[in-house]
Amino acid sequence: MRKVPDDAVIGCVGLLHVGTRGQRGPGEVVVRVRGGSEAFLAWSEQPLAKGTRVLVVESRGERAVDVIAFPEETDPLDELDKL
C-alpha cells in the first residue's frame, strides 16, 4: 500500500502526549485539524518531552508526521506584521 501524505496537517501546531525519542522512535501528537483534534505518530530529529508544543513540518502518510519544537511565545502570524 502506498503512503499518502496528509497535507492538511502541515503547518498545524500540536501538543505531544507521548514524548519523541529522536531517531530511536516516535511519540504521539494531538493536532487541531479539520474542525476537531486528531492523534498522529510524531517523529523528530531530537528527542522532545511530553507536553512540548510542536509544529508539524511534514506528513509521512499513514497518520505519521515530522515535528519540531514550537515555542509558545512565537506566533507565525505575528511575523507578517513585521513585513
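Pairing each heavy atom of Leu15 with each of Gly51, the nearest pair is CD1-O, 3.1 Å. Of all heavy-atom pairs spanning Leu16 and Ala42, the tightest one is CD2-CB, 3.9 Å. Closest heavy-atom contact between Arg34 and Ala8: NH1-CB, 3.2 Å. Between Asp66 and Arg60, the shortest heavy-atom contact is OD1-NE, 2.6 Å. Taking all atoms of both residues into account, the shortest heavy-atom contact from Arg53 to Val13 is NE-CG1, 3.4 Å. Considering every non-hydrogen atom in both Ser37 and Arg32, the closest pair reads OG-CG, 3.8 Å.
The CZ atom of Arg21 sits 14.5 Å away from the CD atom of Gln46 when rounded to the nearest 0.5 Å. Annotation: the span from Glu28 atom CD to Thr20 atom OG1 amounts to 12.5 Å, rounded to 0.5 Å. To the nearest 0.5 angstrom, Glu58 atom CD is 11.0 Å from Asp6 atom CG.
Val67 and Val31 fall within a single hydrophobic cluster, where Ile, Leu, Val, Met, Phe, Trp and Tyr side chains are chained together by heavy-atom contacts under 4.5 Å. No path of Ile, Leu, Val, Met, Phe, Trp and Tyr side chains, each step under 4.5 Å between heavy atoms, connects Val65 with Trp43, placing them in separate hydrophobic clusters. In the hydrophobic cluster analysis, where Ile, Leu, Val, Met, Phe, Trp and Tyr join through side-chain heavy atoms closer than 4.5 angstrom, Phe70 is grouped together with Ile68.
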- Where do Leu48 and Val54 land on the side chain to side chain contact (heavy atoms under 4.5 Å, CB included) test, with the steps shown first? CA-CA 9 Å; Leu48 298 172; Val54 295; 3.9 Å; yes
- Item | side chain to side chain contact (heavy atoms under 4.5 Å, CB included) evaluation trace for Val30 with His17 | CA-CA 7 Å; Val30 174; His17 280 237; 3.5 Å; yes
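The cationic atom of Arg63 (NZ for Lys, CZ for Arg) lies less than 6.0 Å from the six-membered ring centre of Phe40 and within 45° of the ring axis.
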